[in-house]
Structure formats: C-alpha cells, structure tokens
Asks: 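Below you will find the structure I want to go over with you.
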Protein chains: 2
Amino acid sequence: MMRSIPSVENEIHLMSELQTLPLKAGGTPESLRTRHAMDRTDQSLIAIRRILRSTELYGRKLAKAAGLTAVQIRVLQIVAETGQATPKDIAKRMGVSQATMSSLIDRLSAKKMVERHQSQRDRRQTNVVITQIGRQAVLEAPDALQQKYVKQFESLEDWEQAMIVASLERVAAMLDAEGIDASPVLDIGDLSGRPHS
Amino acid sequence: MMRSIPSVENEIHLMSELQTLPLKAGGTPESLRTRHAMDRTDQSLIAIRRILRSTELYGRKLAKAAGLTAVQIRVLQIVAETGQATPKDIAKRMGVSQATMSSLIDRLSAKKMVERHQSQRDRRQTNVVITQIGRQAVLEAPDALQQKYVKQFESLEDWEQAMIVASLERVAAMLDAEGIDASPVLDIGDLSGRPHS
DNA sequence: CCCGCTGTTTTGCAAGGCTAACTAATAATA
DNA sequence: TATTATTAGTTAGCCTTGCAAAACAGCGGG
C-alpha cells in the first residue's frame, strides 16, 4: 500500500486566490451591514475552509502512509478508548450507518486489528474488541493535527493560545448549533492516550 | 465553495486523523510546559475536530438535498468563477488527480451542468464550460458553512468577529505551514452567492 | 408458540480517489 | 524533416466509504 502521495504537491498558491475575494464581497450594496462586517465574515469563512482543506489533504497523505485510512484509524481509536464497543455505538459516534460500520469492521478485522465477539448478555450484540496489533497501530498512527499543529500552538504566547481556544470554541458552537450532533468523536482524544488517569 | 462544502466528504476522513492527538500530547512528561498549556492545546484540537465534524455531516446532508455532491458543487463553483477552466487546473486547485477530475466532469456533464470544448489554441486542452443549468445549480446550492454560520457570525460583536478572524487565520496558517497548499477553493464562495444580503 | 422489535450483516449501488496505461497534440532535436 | 519527449486528457481497474433495503438472528411479551 502505500502508494505514493497523490498530487498533493501541486500547489497552487492560495494566497493569491484569497486576495481576490474581497472585491467580490464589495459588490453588494452595503445595505445591511458595514463593509467591515462583511469582510470579516468572508475572512472567517476563508480561514475555515483553509483549515478544512489542509486537514483533508494532509490527512489523506498521512493515512496512506500509515497503511490505514483515516476512517479506519478513527474506528480503531474509538474502540481503543474503551477496549470494546458495539457496532451500533461506533456508528452513532461517527455519524455513519450501521451498514457502513459493518464493512469497516470487516476490513479492520481482516487486518487483524479488531475482533468480533458475540456478547453473552444479549447474543444479538457484537462487541468489537481491539487486538494488540490494532492497539499498536493506533499508537503509531500519525496524527495530522498533532504533527502539524501542536508544536506551533504550544509555542504561542499564553494570551494568544487563550484567544484561539475561545475563538475556535465559539466557531465550533456556531457550527454545531443546528443540532448536528457534534461531539461524539471529539472526546476520543481522551481515550487514547491521554494519561487520562 | 466556498460556500460549498468543501469536500465535505473527504473531510470525513480527515476527521479521524485528528482524533488521535490527545494522547500524544499527553504522552510527554509534563516537563516542558504547564498543565495549563496542555489543556489549551487539547481544547484547541478538540474544537477543530468539532468544526471538521459538523461541517462534514452537515455538508453531506445539504449536498444530498441539492442533488449534487459537495465535490460536484465545488467543481461547478470553480468553473463558475471564471466561466471556464481546464480539467488540469481544476484538479490542481482541488488537490485531486486528473483522472478523478475527468470522471467528475463526466458526471457533471451528464447532468448538463458543464460542457467540454476543445481548445483552439492547443488542441490537447479541454475547456470545461459551465452551462446555464450549472450556473443555476451553483446559485441555488446550499452552502454548509454559509447557512449554518454566517448569520450567527454576523450577529457577533465587532471585537469578537475580529478576534475570531485573527484566530482562525492563525490556525489556518499553522496548519498550512507544512507547505500543503490550502486554499484554492476558498474564494469561490463569493460568486455563488451568499444571499448576501 | 408466534409476533414484534432490535442489533447486525448482506446486498446492491454510487461517488470519489488513485495508479497505470493509452491517445493525441505540441515541442524539441537530431 | 523525422524522431523523440512532454503534456493534457481519458480509460481501465481497483479500493474505500456511504447508504437504503432486505435478510438474519435473538429477545420479550402475549
């Protein structure tokens, strides 16, 4: 596997693109809000998209390098968190259907990273259990955010870290707002490894 | 798309990658920095994941409602931006291979939203041109980010908007840092149409 | 014992990705 | 001029993720 990294390298220099948009924004008769507010909205959207995009591309790259896809790593992490979980729970947390989860588990189990154990209590349920191999894979899985971001973040001034956290949380809250359940995956982090007590 | 959902679907994948990080962060003997700083790092990562996740799920939903996938909308928007573009350019901007772009264009052209026209200058090149139908679709395409977020953002206090923009840009820069190109798609939004207004 | 629910898996289908291989046209070079 | 590279795009073949719907249990009441 391991194919090489796709065309990630072709880069377009976004900077230039970014600059273009302001003008368009200006097109609207500035009726409702100040020109200022508009620009800021655009700026924030652009920044969010940059975040999404770079995470996506970088993630593809890392996942490939790890021999597991991002989605697979995610499943492994969720399972690793508690040691075992039912397909339904995992599906719910990830926001995918049970059918999808079933095939994901198939693939992971073909790789010997998880095993299915029928539950004793209720034989309809399956417990997905992570294997040693799977646990190892989770530990070694490169983490896009971490690698790219953590060091830089930690080198920031204290006040700036605080500001960023507050802003990101605000944005996340605005996006969640609609009721999409957001969280599931989030806490994952905890499990893995944080010493978490 | 800006407005479109960035490949929301892809994002999904990435999401997963993100998750792991906590552990690693935790792995370090808290020698170098205070527990405080650590928490902030985790908080920021978690918030980013929330952003990624809700964008992804919401995007899937909207794309379905629109009858076009997020990726397709994205292509349309890029083409709409200038009226025409070569497959190669679009692929480059989106960070996918030419082969992938070729099939995307096939699908869009089956829907009569774009047409292929051989270039006169260089007959190896194809110009992908958006049709009236395609243009209409772009205008009507719901935009995940926009719909969920814009209104709320615009209702924030001025200082808060400024803070958020600064923070998001900081984060985006840190993520881009590695050299993954980030933005291309971003500015598209403008054209599509934020109701702007 | 039969019915209805409830977790899972199967089936069948589509989108999006990729690499490799192939075609066509243009550019370079002998 | 003829040959060779390069470049743009498409094709073929494969994989993963997703979903809905149908099929399979297994559990609980009646």
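Naming convention: chains lettered A, B, ... in sequence-line order (proteins, then strands); numbering from 1 in each chain.
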Asks: Starting from C1' on D:dG18, measure out to CZ on A:Arg74 and report it in whole angstrom.
Replies: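 Going from CZ in A:Arg74 over to C1' in D:dG18 covers 12 Å.
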Asks: Rounding to a whole Å, what distance do you find between A:Asp106:CG and D:dT17:C1'?
Replies: 13 Å
Asks: Between D:dA21, C:dA15, D:dA12, spot the one nearest the side chain of B:Gln72, thanks.
Replies: C:dA15
Asks: Listed by chain and number, what are the salt bridge (Lys or Arg N to Asp or Glu O under 4.0 Å) partners of A:Arg107, not counting sequence neighbours?
Replies: none
Asks: So which one's nearest nucleotide on DNA chain D is more toward 5', A:Arg121 or B:Ser103?
Replies: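 Of the two residues, B:Ser103 wins.
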Asks: Run the salt bridge (Lys or Arg N to Asp or Glu O under 4.0 Å) test against A:Arg170 and tell me which residues pass, sequence neighbours left out.
Replies: B:Glu160
Asks: What's the CD-C1' distance between A:Gln120 and D:dG26, to the nearest Å?
Replies: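 Answer to the nearest Å: 14 Å.
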Asks: Given a cutoff of under 4.5 Å between side-chain heavy atoms of I, L, V, M, F, W and Y, with clusters grown through shared members, what are the other residues clustered with B:Trp159?
Replies: A:Trp159, A:Met163, B:Met163
Asks: Report yes if a side-chain nitrogen or oxygen of B:Arg107 is closer than 4.0 Å to either non-bridging phosphate oxygen (OP1 or OP2) of C:dA14; otherwise report no.
Replies: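 False: B:Arg107 side-chain N/O out of range (4.0 Å or more) of C:dA14 OP1/OP2.
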Asks: What residues form a side-chain contact (heavy atoms from CB on, under 4.5 Å) with B:Gln118, not counting sequence neighbours?
Replies: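 Residues passing side-chain contact (heavy atoms from CB on, under 4.5 Å) with B:Gln118: B:Arg123.
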Asks: Could I get the full list of side-chain contact (heavy atoms from CB on, under 4.5 Å) partners for A:Ser102, not counting sequence neighbours?
Replies: A:Arg116
Asks: Would you kindly give the CG-to-P distance between A:Leu57 and C:dG16, to the nearest whole Å?
Replies: 16 Å
Asks: What is the distance, to the nearest angstrom, from the CG atom on B:Leu68 to the P atom on C:dA15?
Replies: 11 Å
Asks: Any idea which of D:dT17, D:dA20, C:dG16 is nearest the B:Leu104 side chain?
Replies: C:dG16
Asks: Does B:Thr100 put a side-chain nitrogen or oxygen below 4.0 Å from OP1 or OP2 of C:dC18?
Replies: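 Yes.
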Asks: Look for any protein N or O under 3.5 Å of an N or O in nucleotides 3-9 of chain D and output each such pair with its distance, or none.
Replies:
from	atom 1	to	atom 2	distance (Å)
D:dT7	O4'	B:Arg124	NH1	3.4
D:dT7	O2	B:Arg124	NH1	3.2
D:dA8	OP2	B:Lys88	NZ	2.0
D:dG9	OP1	B:Thr126	N	3.1
D:dG9	OP1	B:Thr126	O	3.4
D:dG9	OP2	B:Lys88	N	3.1
D:dG9	N7	B:Gln98	OE1	3.1

Asks: In whole angstrom, give the distance that lies between atom NZ of A:Lys92 and atom C1' of C:dT8.
Replies: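 The answer, rounded to whole Å, is 16 Å.
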Asks: Looking only at heavy atoms, which two atoms of B:Gly95 and A:Arg60 are closest? And how far apart?
Replies: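 Closest heavy-atom pair between B:Gly95 and A:Arg60: O-NH2, 3.0 Å.
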Asks: If the threshold is 4.0 Å, N to carboxylate O, is there a salt bridge linking A:Lys61 and A:Glu56?
Replies: no
Asks: Return no unless some side-chain N or O of B:Arg123 is found under 4.0 Å from OP1 or OP2 of C:dT26.
Replies: yes
Asks: What is the separation between atom CZ on B:Arg60 and atom P on C:dA15, rounded to the nearest whole Å?
Replies: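 These atoms are roughly 16 Å apart.
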Asks: Starting from P on C:dG7, measure out to CD1 on A:Ile90 and report it in whole angstrom.
Replies: 15 Å
